[in-house]
There are 2 protein chains.
Amino acid sequence: MAEKRIDKATITEVARLAGVSTATAGRVLGGYGYASDEIKKKVKASAERLGYRPNLLARGLITGKTKTIGVVAGDIQSPFYSSILRGVADVARAEGFGVLITNSDELLARELEAVQLLLEKQVDGLIVAPCDTERSDHLRKALKEGCPIVQFDRMVNGLRADAVTVDNRRASREAIASLIEAGHRRIAILAELERWDSGDIASFVARVTSRSIEPANLFPSWQRLFGYVEAHLAAGIEIDRALIGRVGAYSLEAARLQALQLLRLPGRPTALFTADGLMTAGAIDAITSLGLAIPDELSLIGFDDLDWMSFLKPAITAVVQPLTAMGETAARLMLDRLSGSESPPRHVTLELSLTRRGSVARARLS
Amino acid sequence: MAEKRIDKATITEVARLAGVSTATAGRVLGGYGYASDEIKKKVKASAERLGYRPNLLARGLITGKTKTIGVVAGDIQSPFYSSILRGVADVARAEGFGVLITNSDELLARELEAVQLLLEKQVDGLIVAPCDTERSDHLRKALKEGCPIVQFDRMVNGLRADAVTVDNRRASREAIASLIEAGHRRIAILAELERWDSGDIASFVARVTSRSIEPANLFPSWQRLFGYVEAHLAAGIEIDRALIGRVGAYSLEAARLQALQLLRLPGRPTALFTADGLMTAGAIDAITSLGLAIPDELSLIGFDDLDWMSFLKPAITAVVQPLTAMGETAARLMLDRLSGSESPPRHVTLELSLTRRGSVARARLS
DNA sequence: GCATATTGTGCGAACGTTCTCACAATACAA
DNA sequence: TTGTATTGTGAGAACGTTCGCACAATATGC
């Protein structure tokens, strides 16, 4: 015959039932002070009987710690963010933390709003994929208010906060190098390449060439283009700007159209490097509709490894990002901060690996 | 010259600076009572100057409302849950609610733990994909404590709580019917079909045939099998149990193996119905490795529409689930409850649509 | 003119915890 | 014995809000 308490029991009621003070009951229930075994038993029994459930709000109010981490992702619906989120959630759960999520859709205004909500909810820390690597007053302010931040995927310029990223530039350089080694000379790249304030593609290429650009605060797709350029430079291959497909938006359709344009070029590229999963999808769509054979007529390497890439025929050679590991790392960095670490900002760069499947062939002699 | 307050300002400090009582400051900042325009202006200015940020913990403690919804998903990493989550998050955000997420991995113990955490964090409501449609004391208890619940994807037997599901049975029946209409007689089904306590596939089929089973509380894959059986019944086609591929686990590899087995059957089926996205992926993998041509040698309809299905060659005919809509609906049901609705439990069933692409052909005359 | 709303303000008590003390009782060392 | 830890307990004040109330001033109804 279970009690049918419709209201929740508080520590005070448990204490009364057990015949001790609220302070004592609090100590045993919260596990933070002395209590004799006898009293412990009595309090626990009372708590059990009343169906006591601690109120973490009240605890948080007084301790100043909510054991909650706020996450600002771009779009949890995407495999990219959802995998990262999973990593964060796993580590958080193991440590008894909750995870509060928000989507920015890569819009600064949304990010602002999200950060504000999370801060008002008194999260202990913020894990953010910042959507602007320059304008970040809100993040600095959060930091100043004592709320630690861990960035992932990209890094705000000069923000003194931990970060987890991936070695985009190097992975891209190596992927391109492997295509070059396979004899390809006309290699196209299909990439998002939104938001770069300092000019057009030509000037970006020029600045990479003259080594007058710092890649750390670039958005991933730009870093991947950076590696693309470097690989060409290293091999002494001149860059044909027509082969750089700047999608300029993050949608399947835009990617498809840009891919179509690249593949219809007079001197069609013999290889294509797609700088992210969505770009790969758009490219495949275009390639299919054009009836091009992979890898005979076109070699393909994609950034991001999505499930379907391994059972497509042929399977697609891809750069795989350790997404859940990225989330786990971010969460660990955060938990480390929360347990008091005062070390200077740490930047973890995860390595990427190229999974060779069947979408790359040697270029035919021209 | 921004203030460099390292501590957070409270309503008390704002009140002091503005020269009013905390009650008055609270009223203007919280927007819940009278205040003259003059005072409003003064308080807002002070708040601005001190960088005041409301503490939602304190507010929640006193109002008993945290404006936070807890979500228990199976695995946010999967496209299924992440899309639903996105829908929930969107609606929640629009109404100023936060979303606290947890993963159950479809394990009851995990779900228990998750629900407990969320309840302790005092969420206003719980949106859950229950992993057991029978054992649900934790959910009933939550309900009794006044925490509303919205279930999605499946429904606990006899739980007086709102629910959003999808018309699995009908969509499946119609998909199968369309295959039958295309002349197929040997149609295989590849489905998860875990957890059903009441016997094996044969007895399930028998009970569907004798109409002695209530589909409402079945897990989706069983409901889809239900529709499969019904469609056969309606067309007067006898069911060959060998064509029912029970994967029994939720993994790509298990699906692939079971698909392989189905497709190697002596009298190979001429059509395959995969009961969910992962099953479809496993099937495609198997079909590819067997070198079977779709749709000429095998017609295929899959439940769930994943991005890659539209650019595979041929594109795959699929039953599309309105996932974000499901999340949005769940959130709306919840918000409705939270704004006081006392109506009896509502059950929203979303309709599914079959997107016909290129993976179905007429069966060749046998 | 008076009764009654409506608007505006402040005091102090909640909310359910943990924290800081004060104080006992016991243990152990010198 | 005395002193000093260590262990155990309770009273009461925090934490940062909102809420109930008291009260004043002004507006509205007739």
Looking only at side-chain N and O atoms, does Y34(A) come under 4.0 Å of OP1 or OP2 in dG8(D)?
no
When the distance from CG of L57(B) to P of dT18(D) is rounded to whole Å, what number comes out?
12 Å
Quick one: are S46(A) and R16(A) in side-chain contact, heavy atoms under 4.5 Å?
no
Rounded to whole angstroms, how far apart are NZ on K65(A) and P on dC19(C)?
11 Å
Hey, is the side chain of T24(A) poking within less than 4.0 Å of OP1 or OP2 on dG10(D), counting only N and O atoms?
yes
Would you call D90(B) and R86(B) a salt bridge, using N to O less than 4.0 angstrom?
yes
Should the heavy atoms of other residues, nucleotides or ligands under 6.0 Å from CZ of R346(B) be counted, would the total exceed 12?
yes
Closest nucleotide among dT18(C), dG16(C), dT9(D) to the L61(B) side chain:
dG16(C)
What is the distance from CZ of R27(A) to P of dT9(D), rounded to the nearest Å?
8 Å
OP1 or OP2 of dG10(D) less than 4.0 angstrom from a side-chain nitrogen or oxygen of S21(A), does that happen here?
yes
L56(A) CG to dT17(C) P, straight-line distance once rounded to whole Å:
9 Å
Of the nucleotides dG16(C), dG16(D), dT18(D), which one has an atom closest to the side chain of I62(B)?
dT18(D)
Under 4.0 Å from OP1 or OP2 of dT17(D): is there any side-chain N or O of Y52(B) that close?
yes
Whole-Å distance between dT26(C) P and D37(A) CG?
16 Å
Residue met sooner reading DNA chain C from 5', once P54(A) and A25(B) are mapped to nucleotides
A25(B)
Testing dC19(D), dT9(D), dG8(C) for proximity to the side chain of S36(B), the answer is dG8(C)
Taking the side chain of A23(A) as its heavy atoms from C-beta onward, which of dC19(C), dA14(D), dA14(C) lies nearest to it?
dC19(C)
Is the closest side-chain heavy-atom distance between V156(A) and L139(A) below 4.5 Å?
yes
Any Lys/Arg nitrogen of R53(A) or E145(B) sitting under 4.0 Å from an Asp/Glu carboxylate oxygen of the other?
yes
Rounded to the Å, how far apart are K40(B) NZ and dG8(C) C1'?
11 Å
Atom-pair distance (CD1 on I11(B); C1' on dG10(C)), nearest Å:
14 Å
Touch check for A35(A), heavy atoms < 4.0 angstrom, all strands: base, sugar-phosphate only, or nothing?
sugar-phosphate
Looking across every strand, which nucleic acid part, if any, lies under 4.0 Å from I39(B) by heavy atom: base, sugar-phosphate, or nothing?
sugar-phosphate
What is the distance, rounded to the nearest whole Å, between atom CZ of R53(B) and atom P of dT17(D)?
12 Å
